[in-house]
Amino acid sequence: TFEVLAAKAGVRVQVGADEPITTALARAGVKVTVSCEQGICGTCVVDLLEGDPDHRDEYLTEDERTDQIALCCSRAKSPLLVVDL
Ligand code: FES
């Protein structure tokens, strides 16, 4: 498990092993619009402010991967990700 901090909302959630980040955030009242939920469409992409992401999408380019993350499917290698939500 890891944690995600939605910086603007000031909400920090624990993400379970089998749980998408979007589900964990929704539980805490932070809604992320999703569409494909498979890492293909880019609807759920947000800016990543801190942390070491484990990208699982097929949408972002290598360049974009440094500061963006697809929240429907990606995970974290660090204990905390901070996103611009
Ligand atoms: Fe399509 Fe996340 S909802 S990439």
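The figures that follow rest on heavy atoms only: side chains count, while hydrogens, waters and symmetry mates do not. Both ligands and their constituent atoms are indexed starting at 1 by order of listing. Index from 1, following the sequence. Keep in mind that what you see is a predicted model, and the values were worked out from it rather than measured.
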Counting from 1, what ligand 1 atoms have a heavy atom of [X] closer than 4.0 Å?
X: Cys36; answer: 1 (Fe), 3 (S), 4 (S)
X: Ser35; answer: 3 (S)
X: Cys41; answer: 1 (Fe), 3 (S), 4 (S)
X: Gly39; answer: 4 (S)
X: Ile40; answer: 4 (S)
X: Glu37; answer: 1 (Fe), 3 (S)

Decide, counting backbone as well as side-chain atoms, whether Cys73 has an N, O or S atom less than 2.8 Å from atom 1 (Fe) of ligand 1. no
Can you confirm whether [X] sits close enough to [Y] that some side-chain heavy atom of one is under 4.5 Å from a side-chain heavy atom of the other?
X: Pro53; Y: Ser74; answer: no
X: Leu5; Y: Glu50; answer: no
X: Leu48; Y: Gln68; answer: no

With Thr22, which of Val34, Thr33, Val30 fulfils side chain to side chain contact (heavy atoms under 4.5 Å, CB included)? Val34
Examine ligand 1 and decide if any of its atoms is less than 4.0 Å from a heavy atom belonging to Asp57. no
Inter-residue atom distance Leu71.CG - Thr43.OG1, 0.5 Å rounding: 11.5 Å
Contacts of type side-chain contact (heavy atoms from CB on, under 4.5 Å), residue Phe2, not counting sequence neighbours: Val4, Val15, Ile21, Arg75, Ala76, Leu81
Could you give me the CA-CA distance, side-chain angles and deciding distance for Asp67 and Asp47, then say whether side-chain contact (heavy atoms from CB on, under 4.5 Å) is met? CA-CA 6 Å; Asp67 59 0; Asp47 285 342; 5.6 Å; no
Just to the nearest 10 degrees, tell me the angle at atom 2 (Fe) of ligand 1 spanned by Cys44 SG and Cys72 SG. 100°
